[in-house]
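The chains referred to below are lettered A, B, ... by the order of the sequence lines, with proteins before strands, and numbering in each begins at 1. Here the structure is a predicted model, which means the values were calculated and not measured.
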2 protein chains.
Amino acid sequence: MWNVDEILDKLKTRGYKLTGQRKAIVERLCGRKDHPTAEQLYKELKKDYPTISFATIYSTVQLLEEMGYLQILTIDEKKTHFDPTWAAHAHFFCQKCGRLEDIEMEQEEVDKLKNLSEYRTQSLQVYLYGLCPECNNR
Amino acid sequence: MWNVDEILDKLKTRGYKLTGQRKAIVERLCGRKDHPTAEQLYKELKKDYPTISFATIYSTVQLLEEMGYLQILTIDEKKTHFDPTWAAHAHFFCQKCGRLEDIEMEQEEVDKLKNLSEYRTQSLQVYLYGLCPECNNR
DNA sequence: GTACCTGCAAACAATTTGCACTAAG
DNA sequence: CTTAGTGCAAATTGTTTGCAGGTAC
């Protein structure tokens, strides 16, 4: 699990400016277990930064992805979700309600999948689709 | 591998009309190894159906997905790709040129992944991201 | 002081939708 | 004949972009 200071340090090291917005975004993402969308982040951050914009959110999130601190999930066809968890894992997406859950996966399994291609794999996603128990029972 | 007639039969059985457009779309998808986008399909189909529309393509493709004959891939953040191959396999996406390739995967492996969740998994995608050899060498 | 960053609004692009017309059965 | 399907154009929506002003360093 990465921590806020580590990321801010690395940002600085790479020559990026430590703006209040970037700090706020990193802090808000760090350690959380859900997978917020840009919209969700925007609403949450508005409390601290009433003027924050999608432009800033998207650009910061892309920065964090390039640095390997988060993954941008395309499991939901409608919008991207951000996943700040570093540990190797798969995702389950409920096709009815949109619920998005982490699923544990062994590192060994992940490595095996990454090596499926003869090309060098930089990142990997395993997406499972179905109905969550609640949606299945009605 | 499914064939054109099987699909058309099943469409009829389910009460859908066998329009020329649907036949053309099914024929064009059946057996192909690449992963066309809506745009690509549209261009190709225009030769036979100069008036064909995106509305028809999207609706037919959704129908085929519901019937389990193709998968709609979200590996490319920008647009969806259609995959008419039924056999279990993963996908590799080149982050630079957008090349999208099939990767073989054993059925055993697929089943294992599908069972990672306690919920019933209806479908599964394994996406590998990286650079293809060509993009890697320049 | 000077890049770089931010916020705003406009632009973009893939997909969806409403509706009048057409054609399958 | 009836109803589902089609094509068109407009609408929608998540994301990106251009640019003027602001801020980190």
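- A/C132 is listed as a side-chain neighbour of A/C97, based on a closest heavy-atom distance under 4.5 Å.
- Across the protein-nucleic acid pair, A/D76 atom CG and C/dT15 atom C1' stand 14 Å apart, rounded to whole Å.
- Rounded to 10°, the helix from C/dG1-D/dC25 to C/dG25-D/dC1 has 40° between the axis fitted to its first five pairs and the one fitted to its last five.
- Listed by chain and residue number, A/Y42 satisfy the ring pair (Phe, Tyr, Trp, His ring centres under 6.0 Å) test with A/F54 (two or more places apart in sequence, or in another chain).
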Enumerate all atom pairs, one protein N or O and one N or O from nucleotides 21-25 of chain D, separated by less than 3.5 Å.
residue : atom : partner : partner atom : Å
D/dA24  : N3   : A/K17   : NZ           : 3.3
D/dC25  : OP1  : A/L18   : N            : 3.0

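- When the side-chain nitrogen and oxygen atoms of B/K78 are compared with OP1 and OP2 of D/dT15, none of them lie within a distance under 4.0 Å.
- For B/K112, the salt bridge (Lys or Arg N to Asp or Glu O under 4.0 Å) test picks out A/E109, with sequence neighbours left out.
- Here B/Y119 sits in one hydrophobic cluster together with A/F92, A/I103, A/M105, A/V110, A/L113, A/L116, A/Y119, A/L124, A/V126, A/L128, B/F92, B/I103, B/M105, B/V110, B/L113, B/L116, B/L124, B/V126, B/L128; the rule is ILVMFWY side chains under 4.5 Å apart, joined directly or through other members.
- In this structure, the CZ atom of A/R14 is 13 Å from the P atom of C/dC5, given to the nearest Å.
- Rounded to whole Å, atom P of D/dA11 lies 19 Å from atom CZ of B/F54.
- Separating the CZ atom of B/F82 from the P atom of C/dA14 is a distance of 12 Å, rounded to the nearest angstrom.
- Looking at residues two or more places apart in sequence or on another chain, you find no salt bridge (Lys or Arg N to Asp or Glu O under 4.0 Å) involving A/R120.
- One N or O on the side chain of B/T60 and one on the backbone of B/T56 form a donor-acceptor pair closer than 3.5 Å.
- A salt bridge links B/E44 and B/R28; the closest N-O separation between the charged side-chain nitrogens and carboxylate oxygens is under 4.0 Å.
- Per the geometry, CD1 belonging to B/I57 stands 13 Å off P belonging to C/dA14, to the nearest Å.
- Qualifying salt bridge (Lys or Arg N to Asp or Glu O under 4.0 Å) partners for B/R22, counting only residues two or more places apart in sequence or in other chains: none.
- By the ring pair (Phe, Tyr, Trp, His ring centres under 6.0 Å) test, B/H35 is found to be paired with B/H91, residues two or more places apart in sequence or in another chain being considered.
- For B/Y58 and C/dT16, the shortest distance from a side-chain N or O to OP1 or OP2 is not below 4.0 Å.
- Contacts with DNA chain D (heavy atom under 4.0 Å) in residues 60-69 of chain A: A/Q62, listed by number.
- For CD of B/Q107, the number of neighbouring non-hydrogen atoms (other residues, nucleotides, ligands) closer than 6.0 Å is greater than 12.
- Shown here is A/E106, whose CD atom has no more than 12 heavy atoms of other residues, nucleotides or ligands within 6.0 Å.
- The separation between B/D9 atom CG and C/dG25 atom P is 12 Å, rounded to whole Å.
- Nearest nucleotide to the side chain of A/R22, out of D/dT15, C/dT15, C/dT6: C/dT6.
- The distance from atom CD of B/E77 to atom C1' of D/dT16 is 11 Å, rounded to the nearest whole Å.
- As judged by a 4.0 angstrom heavy-atom cut-off over every strand, B/T37 is placed among residues making no nucleic acid contact.
- At least one side-chain heavy atom of A/Y49 sits less than 4.5 Å from a side-chain heavy atom of A/Q21.
- Taking atom NZ on B/K46 and atom P on D/dT6, their separation rounds to 16 Å, with Å as the unit.
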Restricting to nitrogen or oxygen on both sides, can you table the protein-nucleotides 7-10 of chain C pairs closer than 3.5 Å?
residue : atom : partner : partner atom : Å
C/dG7   : OP1  : A/Q21   : NE2          : 3.2
C/dG7   : OP1  : A/T51   : O            : 3.4
C/dG7   : OP1  : A/T51   : OG1          : 3.2
C/dG7   : OP2  : A/S53   : N            : 3.3
C/dG7   : OP2  : A/T56   : OG1          : 2.8
C/dG7   : O5'  : A/T51   : O            : 3.0
C/dC8   : OP2  : A/T51   : O            : 3.2

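- Judged as a salt bridge (Lys or Arg N to Asp or Glu O under 4.0 Å), and not counting sequence neighbours, the contacts of B/D34 are B/R32.
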List the atom pairs, donor and acceptor, that lie under 3.5 Å between side-chain atoms in residues 64-76 of chain B and the rest of the protein, sequence neighbours left out.
residue : atom : partner : partner atom : Å
B/Y69   : OH   : B/E6    : OE2          : 3.4
B/Q71   : OE1  : B/Q125  : NE2          : 3.2
B/T74   : OG1  : A/T74   : O            : 2.7
B/D76   : OD1  : B/K78   : N            : 2.9
B/D76   : OD2  : B/H81   : NE2          : 3.2

